[in-house]
Amino acid sequence: MVSNDQIESASPTLTGIILAQPSARTFGSGVRFSLPTGPEWQNHRHELPASRALASGEILDQWVSPAWRASDVPLTFHSNSDMLSTRNMMSMMDWLNEESVILQYLFDDGLVLTAGELLRHPRGRSIPRLLLPLSLQTRTELETVSFAHRPSGIRPQWLIHSDQTVASVLMAAERVNKGLFAEEAPPIALYFTLSSDRSEPRQALIIE
């Protein structure tokens with residue numbers, strides 16, 4: 001068992017935010033998207049190393065902030081199956097599980113956490129609030145953003161909300177890189193990958 005003090009004592013730094021989309025399609029078609037391979041993309045390609053394994057007890061049973069309410073966390077990043085059941089979402093569990101790993105956080109010790117895990121990990125207390133995947137952080141102008149690449153007719157409200165939250169976090173990373181935190185730490189890199197599997201190395205593109 002790992003204590004919270006042990007987990008936080010190393011003072012790990014957030015180095016990257018990953019947008020992982022195994023089901024990405026080319027806009028305007030049903031064709032699966034593939035990472036570009038031309039020479040002009042070589043400087044943008046990056047291999048994400050496999051994440052280190054989570055230690056026993058590293059993910060907490062509750063969110064790290066007792067102030068967060070259920071409505072503050074997008075449904076995609078919840079882990080309470082009872083709540084999903086009461087919202088008649090059990091038939092969509094596979095879809096929810098796929099979307100729950102779309103946003104990932106990379107730390108300098110090799111750990112990669114999904115957005116939902118970050119909210120239940122002590123490191124969720126140490127990164128800028130702007131980068132937390134919370135409803136309070138969403139920007140209204142991003143309501144029409146879609147990361148799921150699905151027809152709008154089958155995009156439920158929870159997915160719209162999730163995409164809006166993810167887009168808001170990505171925009172916030174740019175603000176953090178250029179703002180008050182810029183001189184205190186290296187910039188936070190943004191990555192796009194077609195694999196959500198953190199247990200293996202992944203090819204990615206650096207988003208600039």
Side-chain angles (χ1 to χ4, degrees), residues 1-24 35 44-66 68 72-84 92-134 137 147-148 162 165-166 169-170 172-173 176 181 185-207:
M1 184 70 68
V2 177
S3 70
N4 290 349
D5 290 340
Q6 289 174 315
I7 293 170
E8 295 180 296
S9 62
S11 300
T13 300
L14 178 69
T15 59
I17 295 178
I18 302 167
L19 179 63
Q21 286 196 272
S23 298
L35 296 181
H44 298 273
R45 295 183 69 90
H46 180 81
E47 182 173 275
L48 298 169
S51 173
R52 74 157 174 82
L54 286 164
S56 175
E58 194 167 351
I59 298 297
L60 309 177
D61 293 332
Q62 304 294 330
W63 294 319
V64 293
S65 173
W68 295 339
D72 293 333
V73 179
L75 182 61
T76 320
F77 307 136
H78 277 271
S79 61
N80 189 331
S81 59
D82 292 337
M83 186 203 68
L84 296 179
M92 303 181 72
M93 282 300 294
D94 288 343
W95 192 357
L96 277 165
N97 288 337
E98 178 183 338
E99 297 296 335
S100 70
V101 295
I102 187 175
L103 185 64
Q104 302 177 6
Y105 294 75
L106 172 65
F107 293 87
D108 61 359
D109 66 344
L111 179 64
V112 177
L113 296 171
T114 66
E117 290 170 343
L118 179 70
L119 298 178
R120 293 183 292 121
H121 193 286
R123 295 183 187 185
R125 302 189 188 105
S126 63
I127 70 170
R129 183 180 176 86
L130 284 173
L131 301 180
L132 292 175
L134 298 173
Q137 313 300 107
F147 288 114
S162 175
T165 301
V166 172
V169 169
L170 296 178
V176 168
F181 299 92
I188 298 167
L190 300 179
Y191 301 102
F192 174 82
T193 180
L194 296 173
S195 172
S196 59
D197 185 0
R198 297 167 288 166
S199 67
E200 298 181 352
R202 296 175 285 176
Q203 294 300 314
L205 288 179
I206 300 173
I207 304 173

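Side chains included, hydrogens not; waters and symmetry mates left out as well; all remaining heavy atoms used.
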Contact summary for Phe192 and Ala24, nearest pair of heavy atoms: CZ-CB, 4.3 Å
Heavy-atom pair of closest approach, residues Pro133 and Leu103: CB-CD2, 4.1 Å
List for me each residue that meets side chain to side chain contact (heavy atoms under 4.5 Å, CB included) alongside [X], sequence neighbours excluded, and say none if there are none.
X: Val64; answer: Leu60, Trp68, Arg125
X: Glu200; answer: Asp197
X: Val101; answer: Gln104, Thr114, Ser196
X: Ala189; answer: Tyr191

Arg123 and Glu117 ion-paired at < 4.0 Å: no
Arg120/Asp61 ion pair, N-O < 4.0 Å: no
Side chain to side chain donor-acceptor pair (under 3.5 Å) involving Ser162 - partner list, sequence neighbours excluded: Thr76
Near-ring test Trp63/His121, centroid separation under 6.0 angstrom: no
Results of ring pair (Phe, Tyr, Trp, His ring centres under 6.0 Å) for Phe107 - residues two or more places apart only: none
Side chain proximity check, Val112 to Arg202, heavy atoms < 4.5 angstrom: yes
CD (Glu47) with more than 12 external heavy atoms under 6.0 Å: yes
Partners passing salt bridge (Lys or Arg N to Asp or Glu O under 4.0 Å) against Asp72 (at least two apart in sequence or in another chain): Arg69
